[in-house]
Amino acid sequence: MKTKIKRRGLIRLVGIMGGLGASGVTFRVAGNAAAQPAASSPVQEGIEPNTIKRRGVGLRGYDAGRAFPGFTLFAPSANTNKSIYLIDLQGHVVHTWDMPYPPGYGYLTDRGTLFYNGKMPNPSFVGRAPYMCGAALEADWKGRVLWEVHHPDHTHDGVRLQNGNVLLICKRPLPPDAIVPQVHGGRPGTEIDNGKIMGDYLVEMTTDGKIVWEWQSWEHLDPVKDSITAVQDNRDGWPFANGFCELPDRNIMLSFRNISTVVMIDRPTGEIYWKLGAPPLSGQHAPTILPNGHILLFDNGPHRLDETFPFSRVLEIDPATKNIVWKYQEAPVSNFFSPRISNAQRLPNGNTLINEGWFGRFFEVTPEGAVVWEYVNPYFGGSPPTNQVFRAYRYTAEEIARAQAAT
């Protein structure tokens, strides 16, 4: 879908939005950020070496008439101060949560509390990986931890289920004789620890840490047919789960990055009853179910089987037909690309909030593809410094008021 954003001359907001509403806003048009110095100007020294910082961070553009009013929650992945930020549409920080562990990511539950996946490293391969989590907890508006659970194999994602329990993605070595030799795809010799491959399983536990259900991916997928999609990928993980959601009927929709596949799992039997792979999918993340029953996901596209070069897009898919019924991608498509992480959220007014996570860029698009809000995470960390964000979410004033009252 063709986008209408202009990289130069974005409308910038210079008015003030107070409290939980907006009024009295004024706009101006930003000048050419790449204006050239006069010929007689001396050569400048000390130019910012980080490309993202040099292009500009914070609020980049805002169309008050079409952006969905609310507040955006995000946790910088390399944030050493363990903070989660809530910003208004002007990019002002209106609240922070200080967590006991680095992110991970967080989201607000239906009752307003903060559910948080935090990083607790350990000496294992999983415990040292960048996607490691290890802790899941719930906190109130002031950051007071209400409960927390730990699991040494916990990676990527965890959610609070409708029944009050917690569901975690976990990884452990695949059965070495029965499964590992059959896994197809990827670069030979990139396994870990003399031929091991990490496999994914789901763990459901109570908030006091009692495990009540497990689901092992290798018992329901075929390592030959469900092969690693990209020839250049490492063989350190298969099928590499990276995100899931609970469906209204309490079944599970689960995404596997390395095999570019999304499945639906019947909770009582554990059987996979719906499946979509590559193409059209490619290394996707964060599948969610929309009120109309369609699937919304971030299709990263690091290695496409039906295209000649990588690019990202956001897809809405009708599960009944498996047809793409809406998509957002830029023109040219190579302008929008996040090889890993990222997510998308359908907003109540029909717009879509997109987190181009690899570059810490959040932007909102209309159904027609016009960009009406854009913000770049200004919080960098790590070496080399990055501003990556695993997920970002928009909340209404009413949802924030509920979070303020939740305990």
Side-chain angles (χ1 to χ4, degrees), residues 75-80 82 99-106 116-137 148-159 166-176 179-180 183 185-203 214-218 221 228-230 232-244 254-261 283-286 298 300 302-303 338-343 357-358 360 381-391:
S77 296
N79 198 352
T80 56
K82 306 174 185 177
M99 294 287 97
Y101 314 104
Y105 82 99
Y116 182 73
N117 291 278
K119 295 182 180 295
M120 290 185 65
N122 63 65
S124 71
F125 176 82
V126 167
R128 292 179 281 110
Y131 49 73
M132 172 62 185
C133 287
L137 60 84
E148 67 178 275
V149 294
H150 301 161
H151 196 297
D153 296 345
H154 172 210
T155 76
H156 286 94
D157 206 356
V159 301
V166 185
L167 189 64
L168 307 176
I169 290 177
C170 295
K171 296 185 188 295
R172 64 183 174 216
L174 291 170
I179 303 296
V180 169
V183 175
R187 299 197 325 274
T190 55
E191 300 84 358
I192 63 171
D193 297 337
N194 298 316
K196 292 181 182 178
I197 298 178
M198 303 304 295
D200 303 284
Y201 67 108
L202 301 179
V203 172
E214 284 194 8
W215 183 89
Q216 298 179 137
S217 62
W218 54 90
L221 292 168
I228 297 173
T229 310
Q232 73 272 21
D233 272 359
N234 288 343
R235 289 173 50 84
D236 56 357
W238 176 89
F240 209 93
N242 61 12
F244 63 87
L254 177 60
S255 168
F256 298 106
R257 177 175 63 80
N258 279 12
I259 64 173
S260 297
T261 297
Q284 74 294 321
H285 283 73
F298 192 104
N300 297 75
H303 176 90
S338 180
R340 296 288 189 270
I341 58 180
S342 309
N343 74 298
W358 201 254
S383 181
T386 72
N387 68 337
Q388 295 173 6
V389 174
F390 188 66
R391 299 210 186 145

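Computation of the quantities below employed the complete heavy-atom set of this structure, encompassing side-chain atoms and omitting hydrogens, waters and symmetry-equivalent molecules.
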Trainee: Within 45° of the ring axis of Tyr131 and under 6.0 Å from its six-membered ring centre, is that where the NZ or CZ of Lys171 lies?
Mentor: yes

Trainee: State, to 0.1 Å, how close Pro239 and Ser217 come at their nearest heavy-atom pair, and which atoms those are.
Mentor: CD-OG, 3.3 Å

Trainee: Distance from Trp215 atom CH2 to Leu167 atom CG, nearest 0.5 Å?
Mentor: 11.0 Å

Trainee: Quick check on the 6.0 Å ring-centre criterion: do His285 and Phe256 meet it?
Mentor: no

Trainee: Looking only at heavy atoms, which two atoms of Val166 and Ala136 are closest? And how far apart?
Mentor: CG1-CB, 4.3 Å

Trainee: One pair to check against side-chain contact (heavy atoms from CB on, under 4.5 Å): Ile169 and Val203. What are the steps and the verdict?
Mentor: CA-CA 7 Å; Ile169 290 177; Val203 172; over 6 Å; no

Trainee: In terms of relative ring orientation, are His151 and Tyr201 parallel, tilted or perpendicular, with 30° and 60° separating the classes?
Mentor: perpendicular

Trainee: Which heavy-atom pair separates Gly237 from Asn258 by the least distance, and what is that distance?
Mentor: O-ND2, 2.8 Å

Trainee: Is the closest side-chain donor-acceptor distance between Tyr105 and Asn343 under 3.5 Å?
Mentor: no

Trainee: Taking it one step at a time, do Leu137 and Val149 satisfy side-chain contact (heavy atoms from CB on, under 4.5 Å)?
Mentor: CA-CA 6 Å; Leu137 60 84; Val149 294; over 6 Å; no

Trainee: Considering all heavy atoms of both residues, which atom of Asn387 and which atom of Trp358 are nearest to each other, and what is their separation?
Mentor: OD1-O, 4.5 Å

Trainee: Which atoms form the tightest heavy-atom contact between Arg391 and Ala286, and what is the distance?
Mentor: NE-CB, 3.8 Å

Trainee: Run the side chain to side chain donor-acceptor pair (under 3.5 Å) test on Ser255 and Asn242 for me, step by step, so that the C-alpha distance in whole Å, both residues' side-chain angles and the decisive distance to 0.1 Å come before the verdict.
Mentor: CA-CA 6 Å; Ser255 168; Asn242 61 12; 2.8 Å; yes

Trainee: Could you tell me the separation between the CG atom of Asp200 and the CG atom of Leu202, rounded to the nearest 0.5 Å?
Mentor: 8.0 Å

Trainee: For the atom pair OG1 (Thr261) and CG (Leu221), what is the distance rounded to the nearest 0.5 Å?
Mentor: 7.5 Å

Trainee: If we ignore hydrogens and angles and just use 3.5 Å, is the side chain of Arg235 paired with the main-chain N or O of Val183 as donor and acceptor?
Mentor: yes

Trainee: Determine whether Phe390 and Pro103 make a side-chain contact, defined as any pair of heavy atoms from C-beta on separated by less than 4.5 Å.
Mentor: no

Trainee: May I ask you to test the Val159-Phe244 pair for a side-chain heavy-atom distance under 4.5 Å?
Mentor: yes

Trainee: Run the salt-bridge test on Lys196 and Glu191 with the 4.0 Å N-O cut-off and return the result as yes or no.
Mentor: no

Trainee: Within the structure provided, determine whether Arg128 and Pro121 are in side-chain contact (heavy-atom separation under 4.5 Å).
Mentor: no

Trainee: Using only heavy-atom distances, determine whether the side chains of Asn117 and His154 contain a donor-acceptor pair under 3.5 Å.
Mentor: yes

Trainee: Contact between Glu148 and Tyr101 at the side-chain level, heavy atoms closer than 4.5 Å - yes or no?
Mentor: yes

Trainee: Give me the atom names and distance for the closest heavy-atom approach of Ala135 to His150.
Mentor: CB-CD2, 3.9 Å

Trainee: Would a 4.5 Å heavy-atom cut-off, applied to side chains only, mark Cys170 and Glu214 as touching?
Mentor: no

Trainee: For the CD1 atom of Ile259 and the CH2 atom of Trp238, what is their distance to the nearest 0.5 Å?
Mentor: 6.5 Å

Trainee: Going through the checks in order, is the side-chain contact (heavy atoms from CB on, under 4.5 Å) test met by Gln284 and Ser260?
Mentor: CA-CA 6 Å; Gln284 74 294 321; Ser260 297; 4.0 Å; yes

Trainee: Quick one: pull up CD in Gln388 and OG in Ser342 and give me the separation to the nearest 0.5 Å.
Mentor: 9.0 Å

Trainee: So which of Ile192, Leu174, Asp153 actually passes side-chain contact (heavy atoms from CB on, under 4.5 Å) with Met198?
Mentor: Ile192

Trainee: Could you grab the distance from atom OG of Ser124 to atom CZ of Arg172, nearest 0.5 Å is fine?
Mentor: 13.0 Å

Trainee: Assess whether side chain to side chain donor-acceptor pair (under 3.5 Å) is satisfied between Arg187 and Asn234, documenting all intermediate values.
Mentor: CA-CA 6 Å; Arg187 299 197 325 274; Asn234 288 343; 3.0 Å; yes

